[in-house]
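Working notes, structure below.
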Amino acid sequence: MNLPATLHYTKDHEWIRVEGDVAYVGITDHAQKELGDIVYVDIDTLDKEVARHDVFGTVEAVKTVSDLFSPITGTVLEVNQKLADAPETVNSDPYGDGWMVKIAIANPEELADLLTAETYGELVGA
């Protein structure tokens, strides 16, 4: 299983990459494999404040719909527009082009509560 050590993870299977005061958020390789073929990503929180653990959107696979939970508190600055035409990018490149939102980090201290790659790997049995 692909678990980049440079990322942070949540128990809800989101990953977060911090770049200064902005965080990229997506779902983990484990999550996309569990969901199967992703056919639609619905995120309607652009320019809205989301609290840690709040739902910021949904991802729809062939057999299920799953909520997306924000790993941190902040304002959604950008939604990955590539996913509107190519939601399967989440399956093929979950840690790269398959990112979902960019969030302005409101409380940097929340980052300390996230999981490391090693801890997340133990959680999912990797």
Who are the salt bridge (charged side-chain N to carboxylate O under 4.0 Å, His left out) partners of Asp12, not counting sequence neighbours?
none
Which pairs with one or both residues in residues 17-34 pass salt bridge (charged side-chain N to carboxylate O under 4.0 Å, His left out), sequence neighbours excluded?
Arg17-Glu19, Asp29-Lys33
Please round to the nearest 0.5 Å and tell me the distance separating atom CG of Asp67 and atom NE2 of His53.
14.5 Å
For Ala5 and Ala117, work out which heavy atoms get closest and say how close.
CA-CB, 3.9 Å
List the steps, then state whether side-chain contact (heavy atoms from CB on, under 4.5 Å) holds for Ile72 with Asn107.
CA-CA 7 Å; Ile72 57 166; Asn107 300 317; over 6 Å; no
Answer yes if the side chains of Thr28 and Glu14 hold a donor-acceptor pair under 3.5 Å, and no otherwise.
no
Do Val101 and Leu114 share a hydrophobic cluster (ILVMFWY, side-chain heavy atoms under 4.5 Å, transitive)?
yes
Search all heavy atoms of Thr10 against all heavy atoms of Pro71 and return the closest pair with its distance.
CG2-CB, 3.4 Å
Intermediate values then yes/no, side-chain contact (heavy atoms from CB on, under 4.5 Å), His8 and Leu115
CA-CA 6 Å; His8 303 280; Leu115 305 175; over 6 Å; no
Distance-only criterion, 3.5 Å: show the donor-acceptor pairs between side-chain atoms of residues 85-92 and protein atoms not counting sequence neighbours.
residue : atom : partner : partner atom : Å
Thr89   : OG1  : Ala86   : O            : 2.8
Asn91   : OD1  : Ile38   : N            : 2.9
Asn91   : ND2  : Gln32   : OE1          : 2.8
Asn91   : ND2  : Gly36   : O            : 2.9
Ser92   : OG   : Thr89   : O            : 3.4

Are Leu7 and Ile27 linked, directly or through intermediate hydrophobic residues, by side-chain heavy-atom contacts shorter than 4.5 Å (ILVMFWY only)?
no
Pair up each side-chain donor or acceptor in residues 58-65 with any protein partner under 3.5 Å, not counting sequence neighbours, and list the distances.
none

From CG (Asp113) to NZ (Lys11), nearest 0.5 Å:
10.0 Å
Qualifying residues under salt bridge (charged side-chain N to carboxylate O under 4.0 Å, His left out), relative to Asp93, sequence neighbours excluded:
none
From OG1 (Thr45) to CG (Asp54), nearest 0.5 Å:
9.5 Å
With a cutoff of under 4.5 Å between side-chain heavy atoms, which Ile, Leu, Val, Met, Phe, Trp and Tyr residues group with Val22?
Leu77
Which residues pass the side-chain hydrogen bond (donor to acceptor under 3.5 Å, both in side chains) test with Glu49, sequence neighbours left out?
Thr75
For the atom pair CG (Leu46) and CZ (Phe56), what is the distance rounded to the nearest 0.5 Å?
12.5 Å
Check whether Thr73 reaches the backbone of Ala106 with its side chain - one donor and one acceptor, N or O, closer than 3.5 Å.
no
Hey, could you give me the OG/CE distance between Ser70 and Met100, rounded to the nearest 0.5 Å?
13.0 Å
Using a 4.5 Å cut-off between side-chain heavy atoms of Ile, Leu, Val, Met, Phe, Trp and Tyr, which other residues end up in the same hydrophobic cluster as Phe69?
Val55
Could you give the distance from CH2 (Trp15) to CG (Asn2), rounded to the nearest 0.5 Å?
11.0 Å
Would you call Asn80 and Val41 a side-chain contact if the rule is heavy atoms closer than 4.5 Å?
no
Residues that Ser66 engages under side-chain hydrogen bond (donor to acceptor under 3.5 Å, both in side chains), provided they are two or more places apart:
none
Please collect all salt bridge (charged side-chain N to carboxylate O under 4.0 Å, His left out) contacts where either partner lies in residues 72-82, sequence neighbours excluded, each pair once.
Glu78-Lys102, Lys82-Asp97
Give me the atom names and distance for the closest heavy-atom approach of Gly121 to Leu3.
CA-CD1, 3.5 Å
With sequence neighbours left out, write down each residue that passes ring pair (Phe, Tyr, Trp, His ring centres under 6.0 Å) with Tyr9, or none if nothing qualifies.
Tyr120
Which residue pairs pass the ring pair (Phe, Tyr, Trp, His ring centres under 6.0 Å) test when at least one of the two sits in residues 22-49, sequence neighbours left out?
His13-His30, Tyr24-Trp99
